[in-house]
**Student:** 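After the structure tokens below, expect a handful of questions from me.
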Protein chains: 2
Amino acid sequence: MSFEGQPPAKMRLLRAAAELLANSAGAPVSTRQITQLAEVSAPTLYHHFGDKEGLFDAVVSAGFEEYVAGERDFAPSGQPLVDIRRMWDNHVQFGLNQPELYLVMFGNIRPESRPAIVADAEALMEEMLNKAAAAGQLSVQPREAARSILAANVGVTLMLIAEAVVDRNLDLSTMTRDAMIYAVASDQAEQNGNESSGKSSVVVAAIALNAALQSSHSDQLSSSELKLFLEWLHRISTSSTT
Amino acid sequence: MSFEGQPPAKMRLLRAAAELLANSAGAPVSTRQITQLAEVSAPTLYHHFGDKEGLFDAVVSAGFEEYVAGERDFAPSGQPLVDIRRMWDNHVQFGLNQPELYLVMFGNIRPESRPAIVADAEALMEEMLNKAAAAGQLSVQPREAARSILAANVGVTLMLIAEAVVDRNLDLSTMTRDAMIYAVASDQAEQNGNESSGKSSVVVAAIALNAALQSSHSDQLSSSELKLFLEWLHRISTSSTT
DNA sequence: GCAGTTCATATAGCGTTGCTATAGGTGCTA
DNA sequence: TAGCACCTATAGCAACGCTATATGAACTGC
């Protein structure tokens with residue numbers, strides 16, 4: 001959605017809202033400020049965007065599309081998980097660069113109002129994770145992984161926004177990012193090279209655990225618990241792969 | 001901060017605000033609603049709390065202290081990492097039970113306005129992680145781990161709140177929680193390919209199976225069986241030594 | 001060329017919001 | 001009884017999101 005072909009008033013409103021959202025550090029932005037800066041009167045705003053939130057949505061989705069576009073461009077590094085890392089960092093940077101926009105997008109999300117942007121972000125992340133899954137580098141389903149990573153990504157970004165700029169420590173982001181990616185990656189289920197089916201990885205892992213439990217006795221479960229546990233383990237490890 | 005000894009008006013304001021915040025599903029709560037329900041007129045509110053946000057802060061911190069108290073009580077399970085899990089789950093439940101309060105606390109956090117509650121939550125989490133660190137179960141500094149886990153916890157909770165109640169899937173919480181705890185726990189040794197130190201192969205295999213089970217819902221166990229199975233699995237995978 | 005329709009903008013103002021200037025009541029201490 | 005804190009109320013301000021209504025411009029069909 002380029003700004004070029006739009007009627008002047010609508011475009012000026014978008015620009016004014018974006019500028020005010022970007023510059024007013026934390027303070028809420030009123031429709032009167034926006035219309036005044038855009039040199040337009042109130043009904044024009046509502047004619048074009050229906051709502052104050054409609055205007056903000058437009059600004060957000062414009063900014064988000066820009067961010068997504070820049071994201072897709074330099075993404076194909078061959079290593080999907082590396083791309084995920086970069087995607088995470090870009091997300092954080094986007095939030096820190098435009099905290100107001102970001103808070104509108106991810107801070108006030110309520111059930112009835114705004115799953116749209118979140119769904120977009122999830123889809124983008126999932127798309128990248130699909131490549132990782134295709135390369136056998138994922139130990140969980142891409143959709144679940146995407147939701148999980150995005151949730152952590154949002155949480156970290158909100159925390160960083162909440163901190164004073166002075167003592168913002170990006171180690172929080174780095175650490176959480178690597179934790180999430182590592183947890184989702186398949187390098188601890190190292191058998192995924194030959195069998196990429198999710199179910200078979202369960203079986204393989206169950207067999208491995210079974211073997212490990214036989215050799216070294218764990219004291220974390222009582223004997224009765226262990227007995228039942230082993231039985232279940234057996235049921236899992238002998239299940240047919242579909 | 002008990003409610004008992006307070007003058008009636010102040011207490012009635014707190015109760016009214018809490019009730020309106022809890023019951024008004026998503027809609028903003030106005031001071032007039034509050035003062036009307038509390039049978040009090042406007043200046044009284046500002047006399048006692050200075051601000052609308054001051055009132056909300058009071059409500060929030062009351063609720064938060066209650067939540068913290070309930071948290072500390074049943075916490076000492078001996079296994080710090082298990083306690084962290086429970087703490088995570090309680091955090092999510094707190095957010096889902098009182099979404100309005102939660103959004104006030106963690107959704108709108110801006111640099112100048114509200115690091116207080118966040119700091120409290122961090123401190124609580126850190127306190128628990130210190131025990132884990134003392135038991136040699138942590139591979140990173142408790143403070144960093146607490147910040148990281150809390151950030152992910154907040155992100156997950158916000159995501160769940162944003163979803164319609166119907167299709168809320170708590171797997172998102174479970175998966176992210178275990179990912180974070182696992183990443184922070186000291187069994188990270190094999191992350192660097194150094195498998196001999198620290199964890200036994202039982203733990204490694206248990207973790208792998210856990211991850212695999214998260215991705216593909218096995219139909220070999222009933223849901224109640226699976227729940228208990230996963231619980232045991234986690235006990236094994238968070239055990240400190242063999 | 002001109003009526004009809006549609007789109008875009010403006011004037012003025014409604015109802016509600018958070019908040020306050022001012023003042024009156026209440027109970028305590030002296 | 002006087003004085004003094006504390007607590008509460010009447011009334012109202014400025015700002016908010018939003019809209020009923022109206023005017024101008026641009027295009028369309030005849």
Side-chain angles (χ1 to χ4, degrees), chain A residues 1-21 23-60 100-101 103-105 107-108 110 112-114, chain B residues 1-21 23-60 100-101 103-105 107-108 110 112-114:
Chain A
M1 308 305 177
S2 145
F3 281 163
E4 308 312 324
Q6 284 171 355
K10 187 170 184 177
M11 172 176 133
R12 261 180 294 145
L13 277 168
L14 276 173
R15 286 214 199 287
E19 181 181 332
L20 287 175
L21 273 177
N23 294 355
S24 80
V29 177
S30 72
T31 60
R32 281 173 169 81
Q33 287 178 269
I34 297 171
T35 56
Q36 180 178 343
L37 180 60
E39 289 173 320
V40 148
S41 50
T44 303
L45 191 159
Y46 297 91
H47 172 71
H48 287 291
F49 300 99
D51 223 339
K52 181 189 187 182
E53 203 171 284
L55 171 59
F56 282 1
D57 278 359
V59 173
V60 159
E100 290 308 310
L101 240 60
L103 285 178
V104 170
M105 286 170 64
N108 281 330
R110 290 192 160 89
E112 73 283 2
S113 75
R114 185 184 314 286
Chain B
M1 306 292 184
S2 150
F3 282 163
E4 307 314 324
Q6 285 172 355
K10 188 171 184 176
M11 172 176 134
R12 260 181 294 145
L13 278 169
L14 275 174
R15 286 216 198 283
E19 180 181 333
L20 287 176
L21 273 177
N23 294 355
S24 82
V29 177
S30 71
T31 59
R32 280 174 170 82
Q33 287 178 267
I34 297 172
T35 55
Q36 178 178 342
L37 180 61
E39 290 172 321
V40 149
S41 50
T44 304
L45 191 159
Y46 297 92
H47 171 71
H48 287 291
F49 300 99
D51 223 338
K52 181 188 185 181
E53 203 171 283
L55 171 58
F56 283 1
D57 279 359
V59 173
V60 159
E100 290 308 310
L101 241 61
L103 285 178
V104 170
M105 287 169 65
N108 283 330
R110 290 195 161 87
E112 75 282 3
S113 75
R114 183 183 316 289

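Numbered from 1 within each chain, the chains take letters A, B, ... in sequence-line order. Just so it is clear, the values below take in all heavy atoms, side chains as well, and ignore hydrogens, waters and symmetry mates.
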**Student:** Considering the terminal five base pairs at each end of the helix from C:dG1-D:dC30 to C:dA30-D:dT1, what angle separates the two local helix axes, rounded to 10°?
**Tutor:** 10°
**Student:** Provide, to the nearest angstrom, the distance between the CZ atom belonging to B:F49 and the P atom belonging to C:dC19.
**Tutor:** 13 Å
**Student:** Could I get a table of every N or O pair under 3.5 Å where one atom is in the protein and the other is in nucleotides 16-18 of chain C?
**Tutor:**
| residue | atom | partner | partner atom | Å |
| --- | --- | --- | --- | --- |
| C:dT17 | OP1 | B:S30 | OG | 3.3 |
| C:dG18 | OP1 | B:T31 | N | 3.4 |
| C:dG18 | OP1 | B:K52 | NZ | 2.5 |
| C:dG18 | OP2 | B:T31 | N | 2.7 |
| C:dG18 | OP2 | B:T31 | OG1 | 2.8 |
| C:dG18 | N7 | B:R32 | NH1 | 2.8 |
| C:dG18 | O6 | B:R32 | NH2 | 3.0 |

**Student:** Rounded to the nearest 0.5 Å, what's the gap from CZ on A:F56 to CG on A:D51? Could you check?
**Tutor:** 10.5 Å
**Student:** Report yes if at least one side-chain N or O of B:H47 is closer than 4.0 Å to OP1 or OP2 of D:dC7; otherwise report no.
**Tutor:** yes
**Student:** Strictly distance-based, threshold 3.5 Å: is any side-chain N or O of B:K52 a donor or acceptor partner for the main-chain N or O of B:V29?
**Tutor:** yes
**Student:** Roughly how far apart are A:K10 NZ and A:L55 CG, rounded to 0.5 Å?
**Tutor:** 10.5 Å
**Student:** Roughly how many Å is it from CD in A:E53 to P in D:dC16, rounded to a whole number?
**Tutor:** 18 Å
**Student:** To the nearest 0.5 angstrom, please state how far the CG atom of B:L13 sits from the CD atom of B:E39.
**Tutor:** 11.0 Å
**Student:** Quick one: CG on B:L20 to CD on B:Q36, what's the gap to the nearest 0.5 Å?
**Tutor:** 9.5 Å
**Student:** Between CG of B:L14 and CG of B:L45, what distance do you get to the nearest 0.5 Å?
**Tutor:** 9.5 Å
**Student:** Rounded off to whole Å, could you give me the NZ-to-P distance for the B:K10 and D:dC6 pair?
**Tutor:** 13 Å
**Student:** Does any N or O in the side chain of B:Q33 come within less than 3.5 Å of the main-chain N or O of B:S30, such that one atom is a donor and the other an acceptor?
**Tutor:** yes
**Student:** If you measure from NE2 on B:H48 to CE on B:M11, what distance do you get to the nearest 0.5 Å?
**Tutor:** 12.5 Å
**Student:** From CD of A:Q36 over to C1' of D:dG17, roughly how many Å is that when rounded to an integer?
**Tutor:** 16 Å
**Student:** Between B:T35 (side chain) and B:T31 (backbone), is there a donor-acceptor pair under 3.5 Å?
**Tutor:** yes
**Student:** Rounded to the nearest angstrom, tell me the gap between atom CE in B:M11 and atom C1' in D:dC7.
**Tutor:** 17 Å
**Student:** Please report, rounded to the nearest Å, how far the P atom of C:dC19 is from the NE2 atom of B:H48.
**Tutor:** 16 Å
**Student:** Grab the CG-P distance between A:L20 and D:dC16 for me, whole Å please.
**Tutor:** 12 Å
**Student:** Could you pull out the closest heavy-atom pair between A:A9 and A:T44, with the gap in Å?
**Tutor:** CB-CG2, 4.1 Å
**Student:** Taking only heavy atoms on the protein side, list every residue of residues 38-45 of chain A lying under 4.0 Å from any atom of DNA chain C, sorted numerically.
**Tutor:** A:V40, A:S41, A:P43, A:T44
